[in-house]
Engineer: 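This structure is in structure tokens; I'll ask about it shortly.
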Amino acid sequence: MTDSVYPHRKLLQLRWLLLISSSLLIAGLFLPMLTISQFVFIRNEFSVISGITELWKAGQYILFVVIGCFSVIIPLTKIALLFKLLQSDNKPHPIKMKLLRLMHDYGRWAMLDVMVVAMLIVTVKMGAIASIQIHPGLYVFGAAVLLIMLTTQSTVKLLESQQTSSSDSNQRII
């Protein structure tokens with residue numbers, strides 16, 4: 001049983017995978033990612049959303065926009081577009097394919113904030129003033145981003161195979 005024989009089954013699997021990754025993304029945005037402890041008394045716990053909010057409060061507007069776009073807006077937009085692309089109509093439109101390829105190419109930037117958190121951890125671990133405790137939010141968010149990337153890649157393959165099979169059948173008719 002190949003995916004080209006059962007495209008509806010593959011579509012259903014991709015929809016479920018997208019639903020799971022969407023849930024993980026929402027949870028990962030709000031769950032605490034890490035706690036930074038300075039000296040004995042000061043403890044700051046951060047999630048993606050609270051970190052973005054703190055950037056705004058601190059007047060770091062450029063970082064606020066960059067992290068907000070790549071951590072929240074792009075992944076949520078990508079999920080919405082993937083849900084749209086995985087609707088039941090079987091004819092992949094050329095605009096859909098162009099949009100999907102664009103999402104696939106630029107969607108990798110959603111890992112930017114995971115990279116920022118990793119650099120922050122390394123930086124703080126090198127200093128003796130503070131310590132960092134990692135929370136499940138970091139892993140949940142990372143898993144969501146990876147699942148969304150996997151879903152996008154699988155959707156690209158599925159729609160490209162549907163496009164080639166529909167163009168092959170059109171050529172047979174002519």
Engineer: Could you measure the distance from the CG atom of Leu29 to the OG atom of Ser71? Nearest 0.5 Å is fine.
Structural biologist: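 The OG atom of Ser71 is 8.0 Å from CG of Leu29, to the nearest 0.5 Å.
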
Engineer: Would you say the side-chain atoms of Ser154 pair up with the backbone N or O of Thr151, donor to acceptor, closer than 3.5 Å?
Structural biologist: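 Side chain of Ser154 to backbone of Thr151, a donor-acceptor pair under 3.5 Å: no, none is there.
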
Engineer: What salt bridge (Lys or Arg N to Asp or Glu O under 4.0 Å) pairs are there with at least one residue in residues 25-41, not counting sequence neighbours?
Structural biologist: none

Engineer: List for me each residue that meets side-chain hydrogen bond (donor to acceptor under 3.5 Å, both in side chains) alongside Thr77, sequence neighbours excluded, and say none if there are none.
Structural biologist: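 Listed in chain order: nothing, the list is empty.
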
Engineer: Any side-chain to backbone donor/acceptor pair from Ser21 onto Leu18? Under 3.5 Å, distance only.
Structural biologist: yes

Engineer: Just jot down the side-chain hydrogen bond (donor to acceptor under 3.5 Å, both in side chains) partners of Ser22, sequence neighbours excluded, or say none.
Structural biologist: none

Engineer: With sequence neighbours left out, what residues match Glu45 under salt bridge (Lys or Arg N to Asp or Glu O under 4.0 Å)?
Structural biologist: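 By the salt bridge (Lys or Arg N to Asp or Glu O under 4.0 Å) rule, Glu45 matches no residue at all.
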
Engineer: Let me check something: do Ile73 and Ile62 share a hydrophobic cluster, defined by ILVMFWY side-chain heavy atoms less than 4.5 Å apart, either directly or through other members?
Structural biologist: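 Result: no, two separate clusters.
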
Engineer: With rounding to the nearest 0.5 Å, note down the distance linking CG in Leu25 to CZ in Phe30.
Structural biologist: 9.5 Å

Engineer: Calculate, to the nearest 0.5 Å, the distance between atoms OG1 and CG belonging to Thr155 and Leu81 respectively.
Structural biologist: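 These two atoms lie 11.5 Å from each other.
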
Engineer: Could you go through Leu34 and Gln133, starting from their C-alpha distance and side-chain angles, then the distance that decides it, and tell me whether this counts as side chain to side chain contact (heavy atoms under 4.5 Å, CB included)?
Structural biologist: CA-CA 5 Å; Leu34 53 94; Gln133 180 183 7; over 6 Å; no

Engineer: Considering only residues two or more places apart or on different chains, which pairs with a residue in residues 46-55 satisfy side chain to side chain donor-acceptor pair (under 3.5 Å)?
Structural biologist: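 Those involving residues 46-55 are Ser47-Ser50.
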
Engineer: May I have all residue pairs that pass side chain to side chain donor-acceptor pair (under 3.5 Å) and include part of residues 134-150, sequence neighbours excluded?
Structural biologist: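 Only Thr35-His135 qualify under side chain to side chain donor-acceptor pair (under 3.5 Å).
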
Engineer: With heavy-atom distances below 4.5 Å as the criterion, would you say the side chains of Val48 and Met33 are in contact?
Structural biologist: yes

Engineer: Taking ring-ring contact (aromatic ring centres under 6.0 Å, His included) as the test, write out the residues that go with Phe64, two or more places apart.
Structural biologist: Trp56

Engineer: Could you measure the distance from the CD1 atom of Ile26 to the CD1 atom of Ile49? Nearest 0.5 Å is fine.
Structural biologist: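 Rounded to the nearest 0.5 Å, the CD1-CD1 separation comes out at 8.5 Å.
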
Engineer: Please test Leu55 against Val65 for side chain to side chain contact (heavy atoms under 4.5 Å, CB included), starting from the C-alpha separation and ending with a verdict.
Structural biologist: CA-CA 9 Å; Leu55 287 172; Val65 169; over 6 Å; no

Engineer: For the side chain of Arg15 and the backbone of Leu86, is there at least one donor-acceptor N/O pair under 3.5 Å apart?
Structural biologist: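 Judged by distance alone, yes, a pair lies under 3.5 Å.
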
Engineer: Who clusters with Leu31? Use side-chain heavy atoms, under 4.5 angstrom, across I, L, V, M, F, W and Y, and order the result by chain and number.
Structural biologist: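 Once heavy-atom contacts under 4.5 Å are chained together, Leu31 belongs with Leu17, Ile20, Leu24, Val140, Leu147, Leu150.
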
